[in-house]
Amino acid sequence: MKKHILPALKLSLFSLIFFSGIYTLIILLVAQLAPNKGLGQTIEVKGKTIGYALEGQNFTQDKYFWGRPSAVAYNAMGSGGSNKGPSNPDYIKDVQNKVDSFLVHNPGIKKENIPAELVTASGSGLDPDLSPNAAYIQIARIAKARGLQESKIKAIVDSHIDPAFLGLFGTVKVNVLKLNLALDQIQ
Amino acid sequence: MNTEIAGIVLMLVATILLAIPLGNYIAKVYQNKTTWLDFILNPIDKLFFRISGIKPEREMTWQQHLLALLTINFVWFLFSMLVLMNMGWLPLNPDSNPSMTASLAFNTSVSFISNTNIQHYSGETAVSYLGQLVLMLFQFISAGAGMAVCAVVFNAMKERTTDKLGNFYNYFVKSCTRVLLPLSVVVAIILLFAGTPMTFKGKDQFISMQGDTVNVSRGPVAAMVAIKQLGTNGGGFFGANSSHPFENPNYFTNIIENISILLIPIAMVFAMGTIIKRRKFAWIVFGVMTAGFIIFVVPSVYMEMKGNPAISRLGISQNRGNMEGKEIRFGSAASGYWGISTTVTSNGSVNAMHDSFMPLTGMFTMLGMMINSFYGGVGVGFLNFYVFMIISVFISGLMVGRTPEFLGKKIEAKEMKIATIIALLHTLLILSGTALASHLYAHNPQAYATWLNNPGYHGFSEMLYEYSSASANNGSEFAGLSANTNFWNITGGLIMLLSRFLPIIGPVAIAGILAKKKYVPESAGTLKTDTVTFGIMIFAVIMIVAALSFFPALSLGPISEHFSLN
């Protein structure tokens, strides 16, 4: 033990300098070349930051596309999911309430067309995306709230769809913040 | 083919294709052969050795290796406690996050030095940047320590008789600087360009489109996420771990991170084949591990893509599968695949909330941790597998009436006793922990009502998962469990300690004892270990010893929940 304690102390100290210090500095240096210098990519309108490209934000008004439900109310300083188990009766009731409230705000929509991702909470509570179906189903409501033609809004959604990675792998999605920005820019 | 499934196939194939050359490279590192990174890493390693006063060529016995390992881990533990309990007033704390309480600091310190990374806190509000950097240090060195002891065992498995098994510090430093560091730099840079933050500025504030004031946590994220995946650590910068858009911005980064989770554990198997010059044996080990992995992946991905029957009964559409706790950019298939990847290795990072997985997916993630050797953690996963091999050799030796020999060394009572104790320890720790917690809860549900986020079978699963994760040094959680209490911090911490160090001491001791024995060349009477038959034997032993011991507990949790749902 005694023979090992001094090398252990010195080795740990130098590891601290090397891995917490030098490695971090190298990555920090490279970050200066990355988008927005490693500060996180922001989206700006008229010189003002209105959001981060990667993080979802809360949309509740009828004239905007709504994102996924968030267990943390889109708190970007306290990410997390609901951690509800699939058999939890309170959870099922909660989803049912979300379905009912969606139907109230979107009259004329058939229940069997509501995609589950619109009424179930995301993992991070900051999911920036929707599936195309979850966006399409909101078009009628937004068209009415904005007094626009549905076809015009559908064209916006279609032009914002991100295909699967290389067209072959993973999911197809659409970024909610960018959709809503595009909506505001029509008028 | 469905693009979500195609993504999984791509990830698995790419992981294996990368692990083979990496295995050759790791073998070169542990045999002190020249590699193409020498020009930059030789001076760095020399600096490490000179400053620490270490002579890397001085060989150690297995006892000296263990002493070196335990001493340095003790130093790390004290240092970690010191930082975590004082970081509130120390520098690099722009968001004024507080210091930890003693019980949380104990749990977190043990968790990070033992390569577990269970987090009973959320990084955004509970750790300063200094704290994060120190935790990141442990992500390097705890992984390096695990790889170093694995290198000792590889060295001991060679065809010779010796008690000199290389130098611990040499293996340790080289694991960190030559394997973990270069890979981390590559992964961190990929993440940076995908949008992962890397800054020492504190939180940002902006007004959202709807007029809400939003505070955004940032920090030196990219550097930490890279090593958290590569070192099977799993401790995330943010509470939501790799489901957070900053930690895992898109499907491509998800592929990179998922490959990083499995890469080194698989590469270590191939490195073993090269070092002990038994490549076919390495392929058998790889085959057994991969068979186990795929057997867990297929039903889990199926269950997640099929969705939740209780949600189906509400009459809505579930095209994307069970999306509770998942992110759109990954989808249910890649989330299920990650869930198994992160639990068969002892990684424990998550890209979806495991608490909201379908019951059987939850069961397979738990089984991954209960077996803990289908790949397993960097270095230590192979040690767990080694224990099962010793047991398999002994049992098959008895079955065919031959002396149990493993790689030319006789296996006798002493080695078998150690192997059996280690194999049963994991079961003992998980089940007695869960039994204790269930007892307390069942006898006083009011007092402990805040523990569980879900009632019934699922609540039991939350407790079983927590101890499986602690004992497997995994670090993922059914995060509905409110685990930042003295009871969970201390019992979990003790289990992590025991299950980190005893399963290292055991296999190193066995390997050391075997290395000293006379080498018996293979003859017609030797039980061949590099055959498919022996592979099946190991698989059966793992299933019987590890998986079946947990069957009653799993029946009470996920299996009952599954049947109650349908």
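Letters go in sequence order (proteins before strands), and every chain restarts at 1.
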Backbone N/O of B:Ile328 and side chain of A:Thr171: donor-acceptor pair under 3.5 Å: yes
Which heavy atom of B:Asn215 sits nearest to which heavy atom of A:Ala76, and what is that distance? O-CB, 3.2 Å
Part of B:Arg218 within contact of chain A (heavy atom distance under 4.5 Å): side chain
So do B:Ser356 and A:Tyr91 actually touch side chain to side chain, heavy atoms under 4.5 Å? no
With sequence neighbours excluded, residues passing side-chain contact (heavy atoms from CB on, under 4.5 Å) with A:Ala140: A:Glu150
Could you tell me whether the side chains of B:Ser317 and A:Glu112 share a donor-acceptor contact shorter than 3.5 Å? no
All side-chain contact (heavy atoms from CB on, under 4.5 Å) counterparts of A:Glu44, not counting sequence neighbours: A:Thr42, A:Thr49
Please indicate whether B:Arg50 has more than 12 foreign heavy atoms, meaning atoms of other residues, nucleotides or ligands, lying under 6.0 Å from its CZ. no
B:Pro197: what forms a side-chain contact (heavy atoms from CB on, under 4.5 Å) with it, not counting sequence neighbours? B:Val221, B:Phe246
B:Ile72 versus A:Ser12: any side-chain heavy-atom pair under 4.5 Å? yes
Give, as side chain, backbone, both or neither, the part of B:Glu462 having an atom under 4.5 angstrom from any heavy atom of chain A. side chain
May I ask you to list the residues in residues 94-103 of chain A that approach chain B closer than 4.5 angstrom, counting heavy atoms only, ordered by number? A:Val95, A:Gln96, A:Val99
Bottom line for B:Ala310: the part with an atom under 4.5 Å from chain A's heavy atoms is both
Quick check: A:Phe169 with B:Tyr251 (ring centres under 6.0 Å apart)? no
